[in-house]
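Comments concern the structure below.
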Amino acid sequence: MSPYRIPFNKPYLVGTELGYIEDSVRSGHISGDGDYTRKCHAFLEAALGAPKALLTTSCTHALEMAALILDIAPGDEVIVPSFTFVSTVNAFVLRGATPVFVDIRPDTLNLDEAALERAITPRTRAILPVHYAGVGCEMETIMRVADAHGIPVVEDNAHGLFGRYHGRNLGTFGVMATQSFHETKNFTCGEGGALIINDESWIERAEIIREKGTNRSRFFRGMVDKYTWVDTGSSYLPSDVLAAYLYVQLEQRDAIQTKRRWIWETYGQALGNWAEAHGVRLPVVPDGCEQTYHMFYLLLPSLSVRTALIDHLKSRGILAVFHYLPLHLSAMGMKYGGKAGDCPVTEDVSDRLLRLPFYNDLTEDDVSDVIQALHDFDGWG
Ligand SMILES: *Cc1c(COP(=O)(O)O)cnc(C)c1O
């Protein structure tokens, strides 16, 4: 049994997943690209206004596909925030790319667009912004700089599905974007992801790479009379059984986002004065950003206060967790020359950030308990 009465995350079940799963199993098509996969594709394409969405086995795999599609090769450089999940960059490092880490903005914790230009070299082959917590990066500046240098942008939109920046959907700025349906994300099927393709010239290559380097997708659409090996590739399509699970959640988009918004706003309203009194910074959502309510974090005054607060919450049966460790200071990051001081905001924030329990069926009582426990904390040092 977990010692936590209120865990950090709980995988979400709408309740009707088993019906769709049974339907999928009985349809006789449980491999990839069955009816439920097609429904998910159509849903994502319509919701985002993107020319193509392809379900993948994870966001990590969608990122790997992006690296393959862009022909990333040894010697290429990719620009990535140091404050992100390993997969954002590992998918490109797997193809031989060298990561170039940039720092984040102190307010949104997104890639610092002002640091972008000087990170670009003649070898830069991709820019990988991450919409942290589902709050959009400064995409106007990022796209202007990227376009001026002719460098493709791939948005890691794992947190940002259905978020918007200046009225435009996150995931539709770059040539491609990636989504995650891991159980820690707003919409889930356990493990899953999607590649969103905004530049139509990449669609056919993406379908081929996803289907083991064959033109099987064209074959199924009747566009070629047999399918064969035409390019490099791998197997990135999930079983239709997982797509059935996911489709239920996508259909519940509004209910899920409404609930998450309520959790986020309840934390935000209840903690405003408390935060101010104790020098705690709450999340910042700039004007023009419609966020996704993916997480609620606190930026505490110091590492020692964070450690004390984690222990205090644990004593109340509440699990709160920190987030990314700076990638440039990881064992791998240091092999690429990363050293302390390279990304000061990342290094500072990584020590002080604490995420509160946040999942779709967190109850009103749970949220009140967390808020009360925070108010009861007296270990400010
Ligand atoms: C969750 C996450 C991923 C990886 O998603 P998977 O679907 O687990 O591969 C990548 N990037 C970010 C920013 C994430 O939060």
Side-chain angles (χ1 to χ4, degrees), residues 8-12 40 44 53-68 78-94 99 101-102 104-105 108-111 126-137 139 142 153-163 170-171 173-174 176-196 210 234-239 242-243 245-246 249-250 260 283 291-297 321-328 330 332-333 346 349-350 353 355 358-360:
F8 171 69
N9 180 62
K10 265 189 203 172
Y12 186 51
C40 291
L44 290 170
L54 292 170
L55 289 193
T56 58
T57 29
S58 64
C59 180
T60 302
H61 279 166
L63 287 156
E64 285 183 22
M65 281 184 66
L68 283 165
V78 296
I79 296 176
V80 63
S82 177
F83 192 66
T84 183
F85 188 63
V86 288
S87 293
T88 315
V89 65
N90 211 12
F92 289 76
V93 168
L94 196 54
F101 297 108
V102 293
I104 49 174
R105 294 169 56 102
T108 56
L109 315 186
N110 281 329
L111 184 145
I127 297 169
L128 311 170
V130 180
H131 304 298
Y132 186 71
V135 176
C137 296
M139 292 312 291
I142 291 172
V153 170
V154 178
E155 301 167 71
D156 181 340
N157 198 30
H159 303 175
L161 183 58
F162 308 134
L170 300 182
F173 289 87
M176 288 174 263
T178 63
Q179 306 296 152
S180 175
F181 303 115
H182 185 261
E183 73 171 30
T184 51
K185 304 305 197 288
N186 292 24
F187 303 88
T188 184
C189 59
E191 299 277 359
L195 181 68
I196 309 299
R210 180 167 166 270
S234 189
S235 184
Y236 291 120
L237 60 174
S239 161
L242 283 177
Y245 192 112
L246 179 64
Q249 306 233 333
L250 293 177
R260 295 185 79 98
Q291 63 146 326
T292 57
Y293 309 101
H294 176 56
M295 72 170 87
F296 194 95
Y297 64 80
V321 299
F322 49 86
H323 212 184
Y324 307 129
L325 301 172
L327 285 181
H328 69 287
S330 65
M332 270 298 273
T346 302
V349 159
S350 164
L353 187 139
R355 295 188 291 159
F358 207 119
Y359 47 87
N360 297 346

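For ligands, and for the atoms within them, numbers begin at 1 and follow the listed sequence. One is the number of the first residue; the rest follow in order along the sequence. All of these numbers come straight from a predicted model, not from anything done at the bench.
Numbered from 1 in the order shown, with element, the atoms of ligand 1 that lie under 4.0 Å from a heavy atom of S58 read 7 (O), 9 (O). Each of the following atoms of ligand 1 lies closer than 4.0 Å to a heavy atom of G192: 7 (O). Interface of C59 with ligand 1, defined as ligand atoms under 4.0 Å from a residue heavy atom, comprises 4 (C), 5 (O), 6 (P), 7 (O), 9 (O), 10 (C). The distance from ligand 1 to the heavy atoms of H159 drops below 4.0 Å at these ligand atoms: 13 (C), 14 (C), 15 (O). Listed by number with element, the atoms of ligand 1 under 4.0 angstrom from any heavy atom of T60 are 4 (C), 6 (P), 9 (O).
With D156, L128, T188 as candidates, the residue nearest to atom 13 (C) of ligand 1 on a non-hydrogen basis is D156.
Under the 4.0 angstrom criterion for non-hydrogen atoms, Y324 is in contact with ligand 1.
Among the atoms of H182, none of the N or O lies under 3.5 angstrom from an N or O of ligand 1. Close N/O approach between S180 and ligand 1 is found [any backbone or side-chain N/O within under 3.5 Å].
From the protein, the heavy atom lying nearest to atom 2 (C) of ligand 1 is K185 NZ, 3.0 Å. If you check which protein heavy atom lies closest to atom 3 (C) of ligand 1, you get F85 CD2, 3.6 Å.
Proximity of a side-chain donor or acceptor of Q291 to a complementary backbone N or O of V135 within less than 3.5 Å is not detected. A side-chain donor-acceptor contact under 3.5 Å links H131 to the backbone of C137.
Contacts with ligand 1 closer than 4.0 Å are made by side-chain heavy atoms of A158 only, the backbone lying farther away. At a heavy-atom cutoff of 4.0 Å, ligand 1 is contacted by the side chain of V130 but not by its backbone.
Counting heavy atoms from C-beta outward, L111 and T84 have side chains that stay 4.5 Å or more apart. In this structure, L54 and Y236 have side chains that are not in contact, with every pair of non-hydrogen atoms separated by 4.5 Å or more. Annotation: side chain of N186 is not in contact with side chain of L161 (no heavy-atom distance under 4.5 Å). Using a 4.5 Å heavy-atom threshold, the side chains of T346 and Y324 count as separate. Between I196 and N157 the shortest side-chain heavy-atom distance does not fall below 4.5 Å.
Within a 6.0 Å radius of CZ in F322, no more than 12 heavy atoms belonging to other residues, nucleotides or ligands are found.
Ring geometry, H159 versus H323: the interplanar angle falls under 30°, so the pair is classed parallel (tilted spans 30 to 60°).
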